Amino acid sequence: MPKEPLIRSEDQQDTYREERLVWSLRPRTLAEYIGQLAVAESLSVAITAARKRGEPLEHILLHSPPGLGKTTLAHIIATEMQTKITHTSGPALEKPVDIVGILSNLETGEILFIDEIHRLSHTVEEYLYSAMEDFEVSFIYGKGAFAKTLPYQLKRFTLIGATTRAGLLTPPLRDRFGMTYHLDYYSSEELVQVVNRSASILGVRIEEEAGALEIAMRSRGTPRVANRLLRRVRDYAEVKREGKITQEIADEALTREGVDKNGLDRLDSLYLRTIIDNYRGGPVGIEALAATLNEETTTLIDVVEPFLLKMGFIIRTPAGRKIGDAARAHLTSEQQRLL
Ligand code: ADP
């Protein structure tokens, strides 16, 4: 749970409220975790076995596009192992000194969660190798000619790394994880469960099952998006229909938000239109596309493209990105729908 800052501006208050809301929607146990059945099953076996032996879990790598539940799962693993979790992220760890304190404070079996682990600096990554493998790090005492390196034994901890880009991890780091799991996009049925669960926590009234399905189908296969769209639809329903969510209200609210029937948002649609209109359907290199869209390359690669690839809306070729036939058909049907 995020700590409440002592002095807060309006903006900070909003961010704090939003963060609390996100935390309140997080499932706390494997039983509450919706979907990803194969991953949940495998983790449940590993957790039960580790607890029976009274041993810490092996290091775990979780990879998926953003918002599919990596952080949630890391916290669930800590709960199920009845242990503490320390949360940090790749960009926050620049030098070995940034991580040595964290590592040496970990007790046996505790979990260190490193989000965006592909963004660790090279030196920190190398420093982690022996910490992960031999539970040992080196401390440097003194300076210059008098500097001494002393080995320091760590307790047996579990590292959980999360990444949106498993391909960017170096083989030595990847090989040090005993278990690696990929989380896939959720089905509409699973997202209906996410929407209904969150609605009941937030005290939102969904009048028709079709209302939950409408939100689910437009959530890009992603629970974080489903929760965000639910909040937008709730706002709209409160203003227009005394808070009751129906399919019609969900459709109206999401269309106003610029979310189309397949869950594509404005950036997704613009991305596809740019390839069609500016590059005759491609192939086009990612750098050129990012420059035309005035977007970060990483946003396109991490957030926009995985879902479009999954839908068959784009194809990746050695020469660059090409538009898929399904995308043209989808954009035409959306145009007709909005006429
Ligand atoms: P990631 O770390 O992969 O970006 P998070 O774990 O932060 O994703 O998940 C984003 C939000 O989606 C969480 O706040 C949680 O409410 C919801 N969520 C994710 N996975 C699930 C799930 N399997 N069941 C229910 N809600 C989920």
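From a predicted model like this one, the values you see are computed outputs, not experimental measurements. Atoms within a ligand are numbered from 1 in the order they appear, just like the ligands themselves. Nothing fancy with the numbering, it's 1 onward along the sequence.
Heavy-atom contacts of Thr72 reach the following atoms of ligand 1: 5 (P), 6 (O), 9 (O), 13 (C), 15 (C), 19 (C) (cutoff under 4.0 Å). Within the listing of ligand 1, atoms 1 (P), 2 (O), 3 (O), 4 (O), 6 (O), 8 (O) sit less than 4.0 angstrom from a heavy atom of Lys70. Ligand-side atoms of ligand 1 in range of Leu25: 16 (O), range being under 4.0 angstrom from any heavy atom. Listed by number with element, the atoms of ligand 1 under 4.0 Å from a non-hydrogen atom of Tyr186 are 20 (N), 21 (C), 22 (C), 23 (N). Shown in contact with Tyr33 at under 4.0 Å from a heavy atom are these atoms of ligand 1, numbered in order with element: 20 (N), 22 (C), 23 (N).
Contact annotation: Ala162 has no heavy atom less than 4.0 Å from any atom of ligand 1. Note on ligand 1: Gly67 sits in its first shell, one or more heavy atoms being nearer than 4.0 Å. The closest approach between any non-hydrogen atom of Gln36 and ligand 1 is not below 4.0 Å.
Transitive grouping of hydrophobic side chains (ILVMFWY, heavy atoms separated by less than 4.5 Å) brings Leu202 and Val225 into a common cluster.
Residue Gly69 has at least one N or O atom closer than 3.5 Å to an N or O atom of ligand 1. Checking only distances, Glu32 never comes within under 3.5 Å of ligand 1, N or O to N or O.
Distance from atom 7 (O) of ligand 1 to its nearest protein heavy atom, with residue and atom name: Arg26 NH2, 2.5 Å. Looking at atom 14 (O) of ligand 1, its nearest protein heavy atom turns out to be Val22 CG1, 3.4 Å. Protein heavy atom at the shortest distance from atom 25 (C) of ligand 1 is Pro27 CG, 3.4 Å.
For Asp325, the CG atom counts as loosely surrounded, since its 6.0 Å shell holds 12 or fewer non-hydrogen atoms of other residues, nucleotides or ligands. Residue Gln153 places its CD atom among more than 12 non-hydrogen atoms of other residues, nucleotides or ligands, all under 6.0 Å distant.
Of the heavy atoms in Thr71, both backbone and side-chain atoms come closer than 4.0 Å to ligand 1. When heavy-atom distances to ligand 1 are checked against a 4.0 Å cut-off, Pro223 comes that close through both its backbone and its side chain.
The aromatic ring centroids of His59 and Phe135 lie less than 6.0 Å from each other. Taking the six-membered ring for Trp and the full ring otherwise, the centers of His87 and His75 sit less than 6.0 Å from each other.
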* To do: Report the C-alpha distance between Arg174 and Thr180 in whole Å, list the side-chain angles of each, state the deciding distance to 0.1 Å, and finish with yes or no for side-chain contact (heavy atoms from CB on, under 4.5 Å).
  => CA-CA 9 Å; Arg174 221 170 21 216; Thr180 296; 5.6 Å; no
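When the options Ile76, Ile34, Thr163, Val225 are ranked by their closest heavy atom to atom 23 (N) of ligand 1, first place goes to Ile34. Relative to atom 17 (C) of ligand 1, the option among Thr222, Leu68, Asn227 with the closest non-hydrogen atom is Asn227.
Here the options are Val259, Asn227, Leu229, the test is side chain to side chain contact (heavy atoms under 4.5 Å, CB included), and the partner is Ser219; only Leu229 passes. When each of Asp260, Thr255, Asn262 is tested with Arg218 by the rule side-chain hydrogen bond (donor to acceptor under 3.5 Å, both in side chains), just one qualifies, namely Thr255.
Judged by the 6.0 Å distance and 45° axis criteria, Arg176 is positioned over the aromatic ring of Tyr129.
With respect to Arg316 and Glu305, a salt bridge is recorded, a charged nitrogen being found less than 4.0 Å from a carboxylate O.
For the residue pair Tyr152/Ser104, the side-chain donor-acceptor check at 3.5 Å is not satisfied.
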